[in-house]
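Given the structure is predicted, the values throughout are model-derived calculations rather than measurements. Each chain gets a letter, A, B and so on, in the order the sequences are listed, and its residues count up from 1.
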Amino acid sequence: MYIYDSVQKTKLLFEPIRDGEVSIYVCGPTVYDDAHLGHARSSLSFDLLYRTLKALGYSVTMGKNFTDIDDKIIQKVKETGQSMAEITEFYIDRYLEEMDALGVTRADIAPRATESIGAITDMIERLIAKDMAYVSSTGDVYFDTSADEHYGSISSMVSDDESQSRVSHTTDKRDPKDFALWKACVDGDDICFDSSFSSGRPGWHIECSAMIDKHFAHTHGTDKYSIDIHGGGADLLFPHHENEASQSRCDSGHDLSKYWMHNGFVQINGEKMSKSLGNSFFLKDALDIYDGEILRYYLNSVHYRNNFNFSQEDLEVSKKRLDKIYRLKKRVTPTKASMPNKKFKQNILDAMSDDLNISIALAVIDEMVASTNDSLDNNPKDKGLKKETLANIEFVDTLLGFGGKEPFAYFQIGVDEELKLRIETLIDKRTEAKKDKDFGLSDSIRDELVSMGISIMDSADGTLWEKV
RNA sequence: GGAGCCAUCGCCAAGUUGGUAAGGCCGUAGAUUGCAAAUCUGCUAUUCACCAGUUCGAGUCUGGUUGGCUCCUCCA
């Protein structure tokens with residue numbers, strides 16, 4: 001397995017810190033609003049990594065946090081009058097449901113900030129004791145970036161004062177680069193947690209460090225690294241991951257993660273999709289229009305490090321490619337899967353082992369589909385091939401997360417029983433007309449079906465239909 | 001102002017150590033079909049934003065130009 005490490009900016013041979021085991025930690029969402037396509041892509045990218053490593057035989061543990069205490073959540077509490085728990089529970093449930101719809105494997109460990117306060121305050125106390133953090137007059141705690149000689153090594157950000165000109169200066173900070181580990185309560189209605197330094201709440205960066213320390217460092221880490229792979233969106237590289245890495249390094253004396261991976265953005269009209277820009281395409285809205293499996297295929301069809309420009313036309317192309325896989329599956333159904341073709345399986349694994357080269361993997365699948373259809377055209381009763389093909393598709397489903405549906409059901413998404421009956425009645429009528437060589441009638445029935453959004457195809461086994 | 005990424009066929013998009021351009025969509029010619037649809041086959045970039053350099057040889061390396069995006073502030 002080769003992985004592109006965004007710190008070293010090069011592709012590296014992946015060697016886990018513990019033999020046969022891989023620990024991955026991905027920064028999860030702040031749960032104050034619905035997930036957009038960008039969140040989906042990030043989840044999908046690391047899901048691909050997770051599945052690939054598993055297919056390669058590793059024992060993989062994936063962690064993904066929920067930031068459920070944050071300024072924006074508190075703001076929402078004030079706006080809506082709902083409790084913080086009501087808001088965060090709602091969005092966490094929604095997030096999980098939507099990611100399920102995309103076929104994202106759930107994280108093995110999904111810690112929440114509010115459940116990790118002890119680990120967070122412990123880490124802050126240790127940093128204060130080491131004189132690497134300081135408490136301000138108002139009770140805020142800041143990390144002293146000057147205490148870490150390696151600060152900046154993750155994002156390779158230069159630390160001259162000029163580059164910091166856009167950072168608003170908080171008076172209590174000794175240095176503008178310093179960042180908050182703990183924010184003391186200001187008004188009475190703030191959500192506060194007790195600590196030895198002040199009543200307050202954790203800063204964003206410390207959460208991930210503390211959660212990794214609590215859930216991974218001692219069980220999955222070594223004396224050199226806490227985890228194997230740390231992932232997240234490219235926008236998290238600085239300052240979030242820089243700060244995380246710095247805190248953890250100062251606390252534990254070793255590096256936080258051996259490899260760092262960052263996914264590219266989903267863009268709309270060439271611009272990054274983000275809540276602050278107001279151009280978000282929410283996952284729930286996308287899922288209203290498209291099946292999760294199609295969205296998954298589409299969002300994963302471009303290499304994870306590249307930016308992804310969302311367009312409906314491209315999504316339709318993805319649907320066409322997925323359709324072809326399901327048509328083939330329909331063709332080999334019913335049968336029992338045997339073993340996947342060795343070469344096919346290996347070619348896909350090879351592609352995915354090269355920093356998740358999904359384009360090659362999809363091309364291998366397209367070629368398998370075409371050659372199998374060709375063979376089946378020439379020899380429709382090749383049972384061995386059918387069994388192998390089904391196994392091939394099952395392998396694809398396990399590794400890439402699509403192709404797992406019952407093929408007839410796939411083409412009938414959104415068709416209720418009543419409509420189904422009408423379609424089948426019409427098809428029977430058309431079959432009769434065809435038998436009588438009344439092509440005028442049979443064609444007009446076909447036109448009627450087409451106007452209903454149903455496309456039909458005559459085959460040796462009778463007439464099949466699909467919802468377009 | 002500082003830092004970085006990217007630029008490949010009409011569209012989307014692959015191209016580790018430089019060795020002579022995957023795949024999909026669209027289009028097109030055909031096979032098949034009562035006609036379609038579905039399926040298959042052939043064709044579809046002497047060329048990789050532009051300029052210069054290194055090299056026997058560069059999409060791949062170096063320098064520059066132009067254009068796009070991102071980070072430096074919450075962000076997947």
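- Counting non-hydrogen atoms under 4.0 angstrom, A:G233 reaches the backbone sugars and phosphates but no base.
- Contact annotation: side chain of A:R327 to base of B:rA38, donor-acceptor pair absent below 3.5 Å.
- Side chains of A:Q247 and A:N243: a donor-acceptor N/O pair is absent below 3.5 angstrom, by distance only.
- Listed candidates were B:rC12, B:rU41, B:rA76. Nearest to the side chain of A:D314 is B:rC12.
- One interatomic measurement links the two molecules: CG of A:D377 to C1' of B:rU39, which rounds to 5 Å at whole-angstrom precision.
- Using cut-offs of 30° and 60° on the angle between ring planes, the pair A:F344 and A:F395 is perpendicular.
- Nucleic acid contact for A:A370: sugar-phosphate only, since backbone atoms but no base atoms lie under 4.0 Å from a heavy atom of the residue.
- Nearest to the side-chain atoms of A:F265 among the listed nucleotides B:rC72, B:rA76, B:rA36 stands B:rA76.
- The residue A:G231 sits apart from the nucleic acid: no heavy atom pair falls under 4.0 Å.
- Checking B:rU41, B:rA14, B:rA76 against every side-chain atom of A:N357, the shortest atom distance belongs to B:rA14.
- Mapping A:M273 and A:S455 onto RNA chain B via the closest heavy atom, the residue that lands nearer the 5' end is A:S455.
- Atom C1' of B:rU16 sits at a distance of 27 Å from the matching atom of B:rA3, rounded to the whole Å.
- Side-chain atoms of A:K72 come within donor-acceptor range of the base of B:rC74, with a qualifying N/O pair under 3.5 Å.
- Residue A:Q267 is classed as a sugar-phosphate contact, given heavy-atom separations below 4.0 Å to backbone atoms only.
- Nucleotides B:rU44 and B:rG24 place their P atoms 14 Å apart, quoted to the nearest Å.
- In the set B:rA36, B:rC69, B:rC40, B:rC40 carries the atom at the smallest distance from any side-chain atom of A:K324.
- Within the nucleic acid shown, A:V266 comes within 4.0 Å of at least one base atom, counting heavy atoms only.
- Residue A:V302 has its side chain nearest to B:rA13 when only B:rA36, B:rA13, B:rA76 are considered.
- Closest approach to the A:D374 side chain among B:rA76, B:rC26, B:rU41 is made by B:rU41 (side chain taken as heavy atoms from C-beta onward).
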> Can you list the steps and then say if A:Y290 with A:Y298 is a ring pair (Phe, Tyr, Trp, His ring centres under 6.0 Å)?
Replying inline: CA-CA 11 Å; A:Y290 303 103; A:Y298 177 51; 8.5 Å; no

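- Using a 4.0 Å heavy-atom criterion, one finds that A:S301 contacts no nucleic acid atom at all.
- The shortest distance between the side-chain N/O atoms of A:N306 and the OP1/OP2 oxygens of B:rA14 is below 4.0 Å.
- Aromatic ring orientation, A:Y95 versus A:H39: perpendicular (interplanar angle above 60°, classes split at 30° and 60°).
- Nearest to the side chain of A:E367, among B:rU41, B:rC25, B:rG23, sits B:rG23.
- Close to B:rA76, at under 4.0 Å from its OP1 or OP2, lies no side-chain N or O of A:K64.
- Stacking of the aromatic ring of A:F439 onto the base of B:rG34 is found: the ring centres lie under 5.5 Å apart and the planes are inclined by under 30°.
- Atom P of nucleotide B:rU16 and atom CZ of A:F14 are separated by 22 Å, given to the nearest angstrom.
- On the P atoms, B:rU55 is 37 Å away from B:rC12, given to the nearest whole Å.
- B:rU66 and B:rC25: their P atoms are spaced 39 Å apart (whole Å).
- Here B:rA76 is the nucleotide among B:rA76, B:rA38, B:rC74 with the atom lying nearest to any side-chain atom of A:K272.
- Relative to the side chain of A:L236, the nucleotides B:rA76, B:rU70, B:rC25 differ in distance, and B:rA76 lies closest.
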>> Please evaluate residues A:E466 and A:K330 with respect to the criterion salt bridge (Lys or Arg N to Asp or Glu O under 4.0 Å), reporting the C-alpha separation (whole Å), side-chain torsions for both, the decisive distance (0.1 Å), and the verdict.
In response: CA-CA 11 Å; A:E466 294 176 1; A:K330 204 155 68 169; 3.3 Å; yes

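- Classification of A:D458 and A:R430 as a salt-bridged pair holds, one side-chain N sitting under 4.0 Å from a carboxylate O.
- In terms of position on RNA chain B, the residue among A:K9 and A:G440 whose nearest nucleotide sits closer to the 5' end is A:K9.
- Here A:R321 does not reach the OP1 or OP2 of B:rC25: none of its side-chain N or O atoms lies under 4.0 Å away.
- Using a 4.0 Å heavy-atom criterion, one finds that A:N307 contacts the sugar-phosphate atoms exclusively.
- You'll find that the side chain of A:E271 is closest to B:rU70, out of B:rA37, B:rU70, B:rC74.
- For B:rU46 and B:rG10, the P atoms lie 10 Å apart once the distance is rounded to whole Å.
- Considering A:F238, A:F179, A:W182 as possible partners of A:H205, the one that fulfils the ring pair (Phe, Tyr, Trp, His ring centres under 6.0 Å) test is A:F179.
- B:rU20 is unpaired under the Watson-Crick or G-U wobble criterion, no partner having all donor-acceptor distances under 3.5 Å.
- Here A:N373 reaches the OP1 or OP2 of B:rC40: one of its side-chain N or O atoms lies under 4.0 Å away.
- At a threshold of 4.0 angstrom between heavy atoms, the contacts of A:R305 with the nucleic acid are absent.
- No contact: A:D71 has no heavy atom under 4.0 Å from any strand.
- Using atom P as the reference point in both B:rC71 and B:rC26, the two lie 35 Å apart (nearest Å).
- In this structure B:rU41 sits in a base pair with B:rA29, meeting the Watson-Crick or G-U test at under 3.5 Å.
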